[in-house]
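Data block below; observations after.
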Amino acid sequence: MGKTPINYIEFKSTDLQITKTFYSSVFGWSFTDYGATYTAFTDSGVDGGFELTNEPITNGVLVVLHHTDLEVIKERVIAAGATISIDIFTFPGGSRFQFLDPSGNELAVWRESRS
């Protein structure tokens with residue numbers, strides 16, 4: 001079985017403009033907006049993004065892994081004792097699912113869109 005690296009980290013944000021200003025001015029991160037509710041960042045060592053939310057942020061980081069076969073890795077995740085929290089869905093550029101590990105930590109696995 002090949003390695004499945006951490007590929008992307010997703011945070012929640014209650015105000016995307018304040019978030020972008022903070023991380024760009026303090027740490028030098030660059031941002032690309034994807035609509036009104038999401039901004040992605042680069043120049044941080046690992047790429048990631050911020051999703052706008054109106055909910056209180058209690059567990060605001062989502063670690064996103066990359067795998068080329070979501071169906072296979074999803075079955076492995078389930079067999080190892082995790083629970084699927086959000087089943088496979090598509091988004092511009094790819095698809096992913098989210099799961100709760102045996103301790104309750106939520107992670108996601110994604111792949112690029114297939115041509």
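All residue numbers refer to positions in the sequence shown, counting from 1.
- Taken together through direct or relayed side-chain contacts under 4.5 Å among Ile, Leu, Val, Met, Phe, Trp and Tyr, Leu70 and Val72 form parts of separate hydrophobic clusters.
- At a threshold of 4.5 Å between side-chain heavy atoms, the hydrophobic network of Ile, Leu, Val, Met, Phe, Trp and Tyr places Phe99 and Phe89 in two separate groups.
- Ring centers of Phe50 and Phe41: under 6.0 Å apart, within the cut-off.
- The environment of CZ in Phe91 is crowded: more than 12 heavy-atom neighbours from other residues, nucleotides or ligands sit within 6.0 Å.
- The CG atom of Leu52 sits 8.0 Å away from the OG1 atom of Thr14 when rounded to the nearest 0.5 Å.
- Rounded to the nearest 0.5 angstrom, Asn105 CG and Leu100 CG are separated by 8.5 Å.
- The shortest side-chain heavy-atom distance between Ile86 and Phe97 does not fall under the 4.5 Å cut-off.
- Two residues are said to be in side-chain contact when any heavy atoms from C-beta on lie closer than 4.5 Å; Ile9 and Val61 meet this criterion.
- Within the 4.5 Å cutoff, the side chain of Thr68 has no heavy atoms near those of the Arg111 side chain.
- The closest side-chain heavy-atom distance from Thr53 to Ser13 is not below 4.5 Å.
- Here the closest heavy-atom approach between residue Ser24 and residue Trp29 is recorded as CB-O, 3.3 Å.
- Contacts classified as side chain to side chain donor-acceptor pair (under 3.5 Å) and involving residues 77-93 (residues at least two apart or in different chains) are given here: Lys74-Asp87, Ser85-Glu106.
- Minimum interatomic distance between Gly94 and Ser113 (heavy atoms only, all atoms of both residues): N-OG, 3.0 Å.
- The backbone N or O of Val64 lies less than 3.5 Å from no partner atom in the side chain of Tyr8, so there is not a single donor-acceptor pair.
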Step by step, would you call Asn7 with Leu65 a side-chain contact (heavy atoms from CB on, under 4.5 Å)?
-> CA-CA 5 Å; Asn7 179 256; Leu65 309 174; 5.9 Å; no

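- Between Tyr23 and Phe31, some side-chain heavy-atom pair lies under the 4.5 Å cut-off.
- The line from OG of Ser95 to CD of Glu71 is 7.5 Å long, rounded to the nearest 0.5 Å.
- One finds the CZ atom of Arg76 at 8.5 Å from the CG atom of Asp69 (value rounded to the nearest 0.5 Å).
- For Ile78, the CD1 atom sits in a packed shell: over 12 heavy atoms of surrounding residues, nucleotides or ligands are nearer than 6.0 Å.
- A chain of hydrophobic side-chain contacts below 4.5 Å, direct or via other Ile, Leu, Val, Met, Phe, Trp or Tyr residues, connects Tyr34 to Trp110.
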Could you walk me through whether Glu51 and Thr37 pass side-chain contact (heavy atoms from CB on, under 4.5 Å), step by step?
-> CA-CA 6 Å; Glu51 179 182 26; Thr37 62; 5.6 Å; no

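- The shortest heavy-atom contact between Asp43 and Gly28 is CB-O, 3.9 Å.
- With contacts defined as side-chain heavy-atom distances shorter than 4.5 Å, the pair Arg96/Ile88 does not qualify.
- Asp33 contributes no side-chain N or O that, together with a main-chain N or O of Gly35, makes up a donor-acceptor pair within less than 3.5 Å.
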Check the pair Glu10 / Tyr38 against side-chain hydrogen bond (donor to acceptor under 3.5 Å, both in side chains), numbers first and verdict last.
-> CA-CA 10 Å; Glu10 214 167 72; Tyr38 197 87; 2.8 Å; yes

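- Taking hydrophobic clusters as Ile, Leu, Val, Met, Phe, Trp and Tyr residues chained together by side-chain heavy-atom distances below 4.5 Å, Val77 does not share a cluster with Leu62.
- You'll find the side chain of Ile84 stays beyond 4.5 Å of the side chain of Gln98, heavy atoms only.
- With a 4.5 Å cut-off on side-chain heavy atoms, Lys12 and Glu55 do not count as touching.
- Closest approach of Gly81 to Pro102, counting heavy atoms only: O-CG, 4.0 Å.
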